[in-house]
Chemist: 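Please find one structure pasted underneath; my questions will follow.
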Amino acid sequence: DCTICMERLVTASGYEGVLRHKGVRPELVGRLGRCGHMYHLLCLVAMYSNGNKDGSLQCPTCKAIYGEKTGTQPPGKMEFHLIPHSLPHSLPGFADTQTIRIVYDIPTGIQGPEHPNPGKKFTARGFPRHCYLPNNEKGRKVLRLLITAWERRLIFTIGTSNTTGESDTVVWNEIHHKTEFGSNLTGHGYPDASYLDNVLAELTAQGVSEAAAKA
């Protein structure tokens with residue numbers, strides 16, 4: 001079955017009569033190159049048309065990304081630095097390791113055509129936001145990939161806050177960050193032995209990985 005329209009592949013696309021695309025007949029089926037999953041071509045056109053139209057396509061079955069995925073993050077600034085040795089605290093679980101501090105800053109602005117409500121003001125609560133990584137090999141790898149994700153506008157988006165319920169506001173976009181420095185009172189700090197591996201998996205799910213960069 002086509003998991004986009006939920007119709008059988010031997011029948012016409014469920015988008016027949018809803019969407020027209022020159023040269024794409026509703027019964028035509030295509031196979032994605034790397035993962036091999038099959039869909040109606042018209043369904044793939046519909047899925048792309050409903051997305052960011054950034055030249056990328058994500059398989060709805062296995063989440064493999066074709067092309068370079070970009071997001072809808074509003075303009076802002078990302079900076080990072082090492083916290084000086086003179087400060088008494090390191091990240092819990094990384095006692096002998098320096099700490100990388102990332103600072104994200106996004107100002108309030110007006111939504112663009114790629115956002116939920118173009119032309120409407122959006123808010124940016126809690127900025128600048130400070131996030132922390134250990135300055136070890138894996139932490140530096142995460143930092144490099146976060147820089148790429150920022151450049152591709154994937155770290156934040158505009159939506160509804162899970163915390164406050166406010167709409168038309170800047171929210172995190174499925175790449176988790178550690179925002180507590182010396183504690184883990186909210187679950188957004190250290191120690192967390194699986195965090196670095198988890199965030200690498202989240203970055204990969206967004207098409208951001210060292211393997212993808214070399215491809």
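These figures come from a predicted structure and were not determined experimentally.
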Chemist: Do Asn135 and Arg140 touch side chain to side chain, with heavy atoms closer than 4.5 Å?
Modeler: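 Counting from C-beta outward, Asn135 and Arg140 do come under 4.5 Å.
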Chemist: Do Ser183 and Glu180 have side-chain atoms, one donor and one acceptor, less than 3.5 Å apart?
Modeler: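 Ser183 vs Glu180: donor-acceptor pair found between side chains.
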Chemist: So Val45 and Tyr39, do their side chains get closer than 4.5 Å, heavy atoms only?
Modeler: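 No, every pair of side-chain atoms sits at 4.5 Å or beyond.
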Chemist: Looking only at side chains, do Lys69 and Gln206 share a donor and an acceptor under 3.5 Å apart?
Modeler: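 Their side chains do contain a donor-acceptor pair, which is all the 3.5 Å distance test asks for.
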Chemist: Going by side chain to side chain donor-acceptor pair (under 3.5 Å), name the residues that satisfy it together with Lys120, two or more places apart in sequence or in a different chain.
Modeler: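 Applying side chain to side chain donor-acceptor pair (under 3.5 Å) to Lys120 gives Asp168.
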Chemist: What do you reckon, are the aromatic ring centroids of Tyr104 and Phe156 less than 6.0 Å apart?
Modeler: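 Judged by ring-centre distance (under 6.0 Å), Tyr104 and Phe156 do meet the cut-off.
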Chemist: Can you confirm whether Val170 sits close enough to Pro74 that some side-chain heavy atom of one is under 4.5 Å from a side-chain heavy atom of the other?
Modeler: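 Touching, per the 4.5 Å side-chain cut-off.
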Chemist: Are Tyr132 and His177 close enough that their ring centres sit under 6.0 Å apart?
Modeler: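 Between Tyr132 and His177, the centre distance exceeds or equals 6.0 Å.
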Chemist: Kindly state each residue pair satisfying side chain to side chain donor-acceptor pair (under 3.5 Å) with at least one member in residues 75-84, sequence neighbours excluded.
Modeler: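 Matches after skipping sequence neighbours: His81-Arg101.
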Chemist: Name each donor-acceptor pair under 3.5 Å that joins a side chain in residues 25-35 to protein atoms two or more places apart or in another chain, with its distance.
Modeler:
from, atom 1, to, atom 2, distance (Å)
Arg25, NE, Glu27, OE2, 2.9
Arg31, NH1, Gly36, O, 3.3
Arg34, NH2, Ile65, O, 2.4

Chemist: Applying side chain to side chain donor-acceptor pair (under 3.5 Å), name anything that partners His130, two or more places apart in sequence or on another chain.
Modeler: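 In terms of side chain to side chain donor-acceptor pair (under 3.5 Å), with neighbours along the sequence ignored, His130 is linked to no residue.
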Chemist: Does the side chain of Ile155 come within less than 4.5 Å of Trp172's, by heavy atoms?
Modeler: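 Counting from C-beta outward, Trp172 and Ile155 do come under 4.5 Å.
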Chemist: Looking only at side chains, do Ser194 and Asp192 share a donor and an acceptor under 3.5 Å apart?
Modeler: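 Checked: Ser194/Asp192 side chains pair up, N/O donor to acceptor below 3.5 Å.
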Chemist: Does one hydrophobic cluster hold both Leu82 and Ile102, with members joined at side-chain heavy-atom distances below 4.5 Å?
Modeler: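 They do share one cluster, since a chain of ILVMFWY contacts under 4.5 Å joins Leu82 to Ile102.
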Chemist: Consider only side-chain N and O atoms of His176 and Glu202, and report whether a donor and an acceptor are under 3.5 Å apart.
Modeler: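 On atom types as modelled, these side chains qualify, holding a pair under 3.5 Å.
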Chemist: Not counting sequence neighbours, which residues clear salt bridge (Lys or Arg N to Asp or Glu O under 4.0 Å) with Asp54? List them please.
Modeler: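 Asp54 satisfies salt bridge (Lys or Arg N to Asp or Glu O under 4.0 Å) with no residue once adjacent residues are dropped.
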Chemist: Only counting residues at least two apart or in another chain, list the ones meeting side chain to side chain contact (heavy atoms under 4.5 Å, CB included) with Thr204.
Modeler: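 Counting only residues at least two positions away or on another chain, Thr204 forms a side chain to side chain contact (heavy atoms under 4.5 Å, CB included) with Ser209.
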Chemist: Should we say atom CD of Glu166 is surrounded by more than 12 heavy atoms from elsewhere, each under 6.0 Å from it?
Modeler: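 Count over threshold, so yes.
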